[in-house]
2 protein chains.
Amino acid sequence: MSRENKTMYTLLGLLMYAPLTGYEIKKTIESSIKHFWQESYGQIYPTLKKLVELGFADFHIEKVDGKPDRKVYTITGVGKSQFINWLEKPIEKIPIHKNELLLKLFYGQHLDIRHNIAQVIQYKQKMEDILQSLNTTEHFLLTKRKEDPHFDYWMMTLSHGQCIVKATIQWCEESIRKLEEKQKG
Amino acid sequence: MSRENKTMYTLLGLLMYAPLTGYEIKKTIESSIKHFWQESYGQIYPTLKKLVELGFADFHIEKVDGKPDRKVYTITGVGKSQFINWLEKPIEKIPIHKNELLLKLFYGQHLDIRHNIAQVIQYKQKMEDILQSLNTTEHFLLTKRKEDPHFDYWMMTLSHGQCIVKATIQWCEESIRKLEEKQKG
DNA sequence: TACTACATGTAAACGGTTACATGATTGC
DNA sequence: GCAATCATGTAACCGTTTACATGTAGTA
């Protein structure tokens with residue numbers, strides 16, 4: 001079974017909104033799907049090249065005074081239908097997420113309990129930071145993008161993040177409580 | 001910054017319980033940490049070799065009638081202290097988890113709503129399967145391993161999985177409800 | 001007869017990040 | 001003067017999966 005390259009579809013999806021440069025694509029990812037999807041330049045630029053080779057996108061060069069040339073990519077008709085085709089396909093596998101905290105906690109018996117408590121506390125703190133940033137994005141969407149036709153879908157992906165992170169924070173609190181009890185008893 | 005090889009510590013952690021063969025390590029992972037950590041033979045065997053080279057593990061060969069030779073690996077004193085050293089270190093980064101459902105849902109406006117509903121329903125089904133398997137593992141631990149000194153820690157990693165999966169199922173139900181409303185209105 | 005469990009291992013390919021190279025402009 | 005923003009791109013490397021090679025014994 002060939003491993004499918006989703007980077008291609010990620011970029012096509014963004015080009016469905018508007019023509020973009022590689023640089024803008026990176027920025028757009030950073031401000032929209034960052035909490036569940038990331039792409040580095042090392043992926044973006046070669047994929048853009050491939051998209052043109054496959055006829056899924058075109059580009060033209062914009063010359064700007066005092067700034068580097070912009071290579072603006074536009075999705076083609078073929079690209080659009082390929083994108084829709086991918087969108088409709090059911091997702092096959094849900095890959096597991098390697099979790100270093102859980103790995104360490106699984107082996108926690110080899111350590112003093114307070115070490116494990118400290119690890120969970122730090123993890124909880126990171127989760128709270130993530131929740132904060134999700135809430136900021138939510139506020140931005142609610143005040144600035146409420147009329148966008150994609151609004152409801154954007155909010156749904158955001159609310160997924162919020163749900164998971166809140167559940168994780170609750171698990172952290174419960175685990176800290178359990179560990180403190182274990183320490184006493 | 002060098003990217004640390006956690007596979008090494010995963011194997012050392014398992015060898016802390018008992019001497020094991022590469023094959024047994026794979027089976028053990030499958031029945032214990034599979035829901036948050038996986039390793040393939042392509043990782044396990046070369047890492048075992050490396051562990052011996054570094055002096056973190058030893059091995060001896062057991063000959064068994066009618067079966068292939070067993071290479072049984074044992075953790076050394078140096079391996080133990082290296083493992084504990086890693087355990088104590090705070091975790092640095094929480095990598096984001098690429099989520100294909102969310103990617104498709106983010107672009108959902110390009111599709112008929114019922115397609116998106118179908119995707120979320122399928123995702124929910126997969127989550128319910130995962131929850132089922134976590135509950136089975138929980139039952140196994142409660143009935144067979146309750147006296148093990150590591151029990152509490154094993155249960156904690158399990159409960160993490162259960163919390164996250166339950167929250168995800170709730171998010172699915174909420175999202176399906178929202179999409180159905182959107183379809184009507 | 002075919003599949004599963006036992007058991008070891010490698011090579012190729014893939015997906016992804018990081019570090020680097022280049023260079024102008026704007027703002028502190 | 002220095003950092004950040006704009007902008008393109010590549011090469012090296014790392015981590016991981018997949019497919020393959022090899023072989024026995026028991027079971028459905």
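Side chains are part of it too, since the values below use all heavy atoms of this structure and drop only hydrogens, waters and symmetry mates. Here the structure is a predicted model, which means the values were calculated and not measured. Residue numbers begin at 1 in each chain, while the letters A, B, ... track the order of the sequences.
- Checked for salt-bridge contact, Asp152(A) and Lys182(B) meet the test: a charged N lies under 4.0 Å from a carboxylate O.
- Of the side-chain N and O atoms in Lys71(A), one or more sit less than 4.0 angstrom from OP1 or OP2 of dG9(D).
- Within 4.0 Å (heavy atoms only), Gly42(A) reaches at least one base atom of the nucleic acid.
- Interface residues of residues 43-56 of chain A facing DNA chain C, ordered by number: Gln43(A); criterion, heavy-atom separation under 4.0 Å.
- A salt bridge links Glu100(A) with Lys6(B): at least one charged nitrogen is closer than 4.0 Å to a carboxylate oxygen.
- Tracing side-chain contacts under 4.5 Å through hydrophobic residues (I, L, V, M, F, W, Y), one never reaches Leu134(A) starting from Ile164(A); they form parts of separate clusters.
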Sequence neighbours left out, cut at 3.5 Å: what donor-acceptor pairs do the side chains of residues 47-57 of chain B make with other protein atoms?
from	atom 1	to	atom 2	distance (Å)
Thr47(B)	OG1	Gln43(B)	O	2.6

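- In this structure, Lys63(A) places its NZ atom 13 Å from C1' of dT8(D), rounding to the nearest Å.
- Atom pair Glu100(B):CD and dG15(C):P shows a separation of 12 Å (rounding to whole Å applied).
- Counted by atom type alone, Trp37(B) and Glu39(B) present one or more donor-acceptor pairs between their side chains at under 3.5 Å.
- In this structure, the CD atom of Gln38(A) is 11 Å from the P atom of dG16(C), given to the nearest Å.
- Between Glu128(A) and Lys166(A) there is no salt bridge, since no side-chain nitrogen of the basic residue lies less than 4.0 Å from a carboxylate oxygen of the acidic one.
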B/S/- contact track for nucleotides 20-26 of chain D, protein heavy atom under 4.0 Å
---BSS-
Would you check, one step at a time, whether the test ring-ring contact (aromatic ring centres under 6.0 Å, His included) holds for His110(A) with His150(B)?
CA-CA 9 Å; His110(A) 298 110; His150(B) 298 86; 5.3 Å; yes
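- Side-chain nitrogen and oxygen atoms of Tyr23(A) include at least one within less than 4.0 Å of the OP1 or OP2 phosphate oxygen of dC6(D).
- Distance NZ (Lys26(A)) to C1' (dT18(C)): 12 Å, rounded to an integer number of Å.
- Taking only side-chain nitrogens and oxygens, Lys27(A) never comes nearer than 4.0 Å to OP1 or OP2 of dC6(D).
- Place Glu39(A) and Val64(B) on DNA chain C by their nearest nucleotides, and Val64(B) ends up nearer the 5' end.
- At whole-Å resolution of the value, CD in Glu24(A) and P in dC6(D) are 9 Å apart.
- A tilted orientation is assigned to the rings of Phe83(A) and Trp86(A), their planes being inclined by 30° to 60°.
- Using a 4.0 Å heavy-atom distance criterion, Lys6(B) is classed as making no nucleic acid contact.
- Within the 4.0 Å cut-off from OP1 or OP2 of dG16(C), at least one side-chain nitrogen or oxygen of Thr7(A) is found.
- Under the 30°/60° scheme for interplanar angles, the aromatic rings of Tyr17(A) and Phe106(B) are found to stand perpendicular.
- Put simply, CD1 on Ile96(A) is 12 Å from C1' on dT16(D), counting in whole angstrom units.
- Remark: C1' of dT17(C) and NZ of Lys98(A) are 16 Å apart, rounded to the nearest angstrom.
- Taking side-chain N and O atoms only, Thr21(B) has no distance below 4.0 Å to OP1 or OP2 of dC6(C).
- At whole-Å resolution of the value, CD in Glu30(A) and C1' in dT17(C) are 13 Å apart.
- In this structure, Tyr23(A) and Tyr41(A) have parallel ring planes: the angle between them is below the 30° cut-off, well short of the 60° mark.
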